[in-house]
Amino acid sequence: MQHTQRRTMQDNLRIFRHFLPYFKPRLPVLLLDLFCASLTTICDLVLPLIVRYITNLGTTNLAALTIATVVKLSLLYVALRIVDTAANYFMQSVGHIMGTHIETDMRRDLFAHMQKLPHAYYSKTKIGQLMSRITSDLFDITEFAHHFPEELFITSIKVVVAFVILCGMNIPLTLIIFASLPLMVVFSDRFAKPMRKSFKDSRHQLGEINARVEDSLSGIRVVKSFANEDIEEEKFAEGNSAFLSVKRRMYHNMAGFHSVTRMFDGIMYILVVCVGAIFMIQGRISAADLVAYLLYVTTLLASVRRLVEFTENFQRGVTGIERFAEVMEEPVAIHDLPGARELEDVSGKLEFDDVSFAYDDGGTNVLSHINLHVNPGESVALVGPSGGGKTTLCNLIPRFYEVTSGVIRIDGTDIRDYTLHSLRKQIGMVQQDVYLFSGTVLTNIEYGRPGATREEIIQAAKLAGAHEFISELENGYDTYVGEHGVKLSGGQKQRISIARVFLKNPPILILDEATSALDNESEHLVQQSLEGLMKGRTTFTIAHRLTTIRGAARPYWCSPTRASSSRAATTR
């Protein structure tokens with residue numbers, strides 16, 4: 001039990017280590033917010049004292065209670081309320097904006113960290129889950145970042161000040177009241193822990209729904225082609241039903257939590273009334289003090305209730321921070337080494353020196369002891385059946401994956417000694433799976449070299465054999481391509497992706513089935529353009545068809561069980 005509690009505290013500390021640094025740049029705003037919170041607290045604490053004073057005079061010395069006294073006390077309270085209004089406005093506006101800034105900064109850092117995570121992470125993680133973590137998981141951070149320190153501060157002040165004032169009125173009654181507060185916390189905590197777990201489960205299940213929707217709608221054309229709409233609806237209904245079950249459990253925990261706090265409210269009120277009445281009969285407390293006591297207990301309970309009820313928002317916020325921390329703690333396996341330098345003035349000499357690679361630590365090698373030396377400007381074709389390791393071999397060059405053993409060198413230097421950004425800037429890839437971003441034809445080609453002029457983009461499209469069909473589109477280069485380029489054919493998308501590489505104009509090319517989606521005529525046009533682009537550049541061409549590798553000076557065979565560097569016979 002102690003080990004579990006210790007582990008939970010360690011987990012909480014770990015979570016808050018990710019969160020607290022976001023307060024640092026906004027510490028002045030936070031301190032001002034807490035100062036305003038203290039001003040609002042003063043109003044709540046002064047009112048019972050004013051009522052006690054008036055009641056005491058009214059019951060013991062009515063002649064001393066003049067209209068002037070009442071007016072002065074009223075004006076004092078009105079002045080305090082004006083201060084309270086201004087302070088509350090600051091808390092509700094600037095305080096919430098501070099929380100929004102923190103949420104925004106966390107979302108920015110989370111997205112930036114996701115950009116650095118390796119390919120292996122995305123191979124095992126659902127995109128819908130990541131979307132949930134970067135959107136809905138952080139929605140409650142605004143309320144949490146603002147209200148958590150504020151509510152904790154206000155309640156602490158009210159509890160301490162009320163305890164001191166009430167002890168001055170009647171110590172035994174005060175001790176009885178405050179002794180019941182820990183009981184409220186203990187019983188509430190019995191529901192708070194499962195409530196936090198149910199919040200986390202609901203967030204996870206929401207991520208599963210996002211993943212299911214993203215998967216189904218992205219493949220909607222496949223769904224319709226197989227007439228499997230009913231199957232997709234069943235899959236979605238299953239996830240939706242699981243989400244309902246989680247939410248049902250969550251609301252049961254919330255109901256228990258709020259019911260317990262409500263019950264203790266009633267118990268504490270009746271304690272004050274009964275015990276206070278007995279003490280008043282015995283002459284141990286005055287009527288004015290009992291009235292003030294009831295007001296202070298009301299104020300105290302309202303604060304405790306707000307803090308306890310905030311536990312719901314607290315649990316939501318902590319759950320969001322916890323899921324944020326889980327992603328932020330994912331190691332960036334591929335990163336710049338200390339002292340890494342920029343890769344510039346590339347000649348294109350590339351060496352694989354006894355390179356082996358396995359996707360999982362200790363797993364079977366996909367590539368074993370590869371030794372391959374490519375001279376600047378040389379064209380190498382990687383041929384062989386699917387699963388032979390051709391794409392894997394090429395993915396090691398831009399360090400999408402790290403080699404398990406051996407070294408890859410560019411211009412005689414280990415690629416790990418170069419910065420990732422400069423390394424990948426010198427490599428152009430046309431992959432088998434074409435991806436176009438939502439936007440226009442122009443912006444998709446410009447992605448190859450952001451900031452390129454329209455004339456340069458058009459020239460790249462001409463070299464890729466894409467200019468003619470682009471010109472025939474409704475809005476030419478300004479035509480919206482749709483989500484994932486759904487408004488274009490497979491061959492058109494392929495040629496736009498090739499145009500991106502033409503625009504980038506890198507010294508090292510990787511062509512992964514670059515013409516696989518083209519018809520014979522388009523393939524002929526693009527092949528001519530590629531041959532022009534390949535001149536003077538080191539090129540790796542992955543292909544199944546011999547027509548694709550006719551220009552390759554050195555073909556290499558990759559088998560499904562072991563990629564080797566033995567020369568393959570080809571027909572020219």
Side-chain angles (χ1 to χ4, degrees), residues 119 343-344 346-348 350 374 376-382 390-391 393-400 410 415 420-437 439-470 477 481 484-485 488-518 522-543 545 548-552:
H119 279 47
L343 175 58
E344 298 173 335
V346 180
S347 68
L350 207 146
V374 184
E378 189 172 13
S379 178
V380 177
L382 301 176
K390 303 183 297 297
T391 299
L393 183 71
C394 290
N395 281 339
L396 295 177
I397 301 173
R399 290 182 68 195
F400 291 156
I410 291 180
I415 60 173
L420 275 173
H421 181 75
S422 66
L423 172 66
R424 292 171 182 174
K425 289 289 284 186
Q426 304 297 332
I427 300 171
M429 300 187 71
V430 180
Q431 297 173 324
Q432 185 175 6
D433 297 324
V434 178
Y435 188 92
L436 295 186
F437 295 94
T440 65
V441 173
L442 186 80
T443 56
N444 269 283
I445 298 177
E446 186 191 11
Y447 203 79
R449 179 156 56 87
T453 65
R454 191 179 185 90
E455 290 72 23
E456 290 172 330
I457 292 171
I458 292 174
Q459 181 61 28
K462 288 178 178 178
L463 292 171
H467 177 70
E468 184 176 348
F469 88 80
I470 293 174
Y477 283 84
V481 299
H484 306 305
L488 302 177
S489 69
Q492 289 173 332
K493 289 191 290 186
Q494 187 72 291
R495 277 179 280 177
I496 288 176
S497 70
I498 293 172
R500 277 198 290 224
V501 179
F502 272 100
L503 185 64
K504 187 176 184 180
N505 196 24
I508 299 173
L509 297 176
I510 297 174
L511 308 176
D512 188 352
E513 291 289 348
T515 60
S516 63
L518 305 180
S522 298
E523 181 184 8
H524 177 68
L525 292 171
V526 172
Q527 197 66 46
Q528 287 181 329
S529 300
L530 287 176
E531 288 172 4
L533 181 65
M534 289 160 60
K535 288 179 182 178
R537 293 175 173 81
T538 305
T539 306
F540 285 81
T541 303
I542 301 172
R545 294 183 293 184
T548 309
I549 61 171
R550 284 179 303 182

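When reading the values below, keep in mind they use all heavy atoms of this one structure, side chains included, and skip hydrogens, waters and symmetry mates.
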Drop me the distance from I542's CD1 to L382's CG, to the nearest 0.5 angstrom. 5.5 Å
Counting distance only, does the side-chain N/O of R495 pair as donor-acceptor with the main-chain N or O of G465 below 3.5 Å? yes
What closest approach, in Å, do S347 and T538 show between heavy atoms, and which atom pair accounts for it? O-OG1, 4.4 Å
How long is the gap from CD1 on I458 to CG on L442, to the nearest 0.5 Å? 8.0 Å
Between T443 and E446, do the side chains contain an N or O donor and an N or O acceptor separated by less than 3.5 Å? no
Distance from L463 atom CG to Q459 atom CD, nearest 0.5 Å? 4.5 Å
Exercise: identify the closest heavy-atom pair between A499 and A460: O-CB, 3.5 Å
Are the side chain of R424 and the backbone of R399 linked by a donor-acceptor contact shorter than 3.5 Å? yes
Can you list the steps and then say if V380 with L350 is a side chain to side chain contact (heavy atoms under 4.5 Å, CB included)? CA-CA 11 Å; V380 177; L350 207 146; over 6 Å; no
Quick one: do Q492 and I496 satisfy side chain to side chain contact (heavy atoms under 4.5 Å, CB included)? Show the steps, please. CA-CA 6 Å; Q492 289 173 332; I496 288 176; 5.5 Å; no
Under 3.5 Å, side chain of S422 to main-chain N/O of L343, donor-acceptor pair present? yes
Between the OH atom in Y477 and the CD1 atom in I457, the distance rounded to the nearest 0.5 Å is 9.0 Å
Rounded distance [0.5 Å steps], CZ in F540 versus CD1 in I508: 8.0 Å
Using side-chain hydrogen bond (donor to acceptor under 3.5 Å, both in side chains) as the criterion, point out the one residue from R537, E456, R449 that pairs with N505. R537
Mark yes or no for whether K504, through its side chain, and I427, through its backbone, hold a donor-acceptor pair below 3.5 Å. yes
Looking at every heavy atom in both R500 and Y435, which two are closest together, and how far apart are they? NH2-O, 2.7 Å
Please check if the number of heavy atoms outside Y447 that lie under 6.0 Å from its OH is greater than 12. no
Considering non-hydrogen atoms only, spot the tightest contact between G428 and V501 and give its length. CA-CG1, 4.1 Å
Can you find a heavy atom in the side chain of K425 that is under 4.5 Å from one in the side chain of H421? yes
Considering only heavy atoms from C-beta outward, does the side chain of L423 approach that of I410 to under 4.5 Å? yes
Roughly how far apart are L509 CG and I498 CD1, rounded to 0.5 Å? 11.0 Å
Which heavy-atom pair separates I415 from I397 by the least distance, and what is that distance? CD1-O, 3.5 Å
Within-4.5 Å side-chain heavy-atom neighbours: K390 and D512: no
Derivation of the side chain to side chain contact (heavy atoms under 4.5 Å, CB included) call for N395 and M429: CA-CA 10 Å; N395 281 339; M429 300 187 71; 3.8 Å; yes
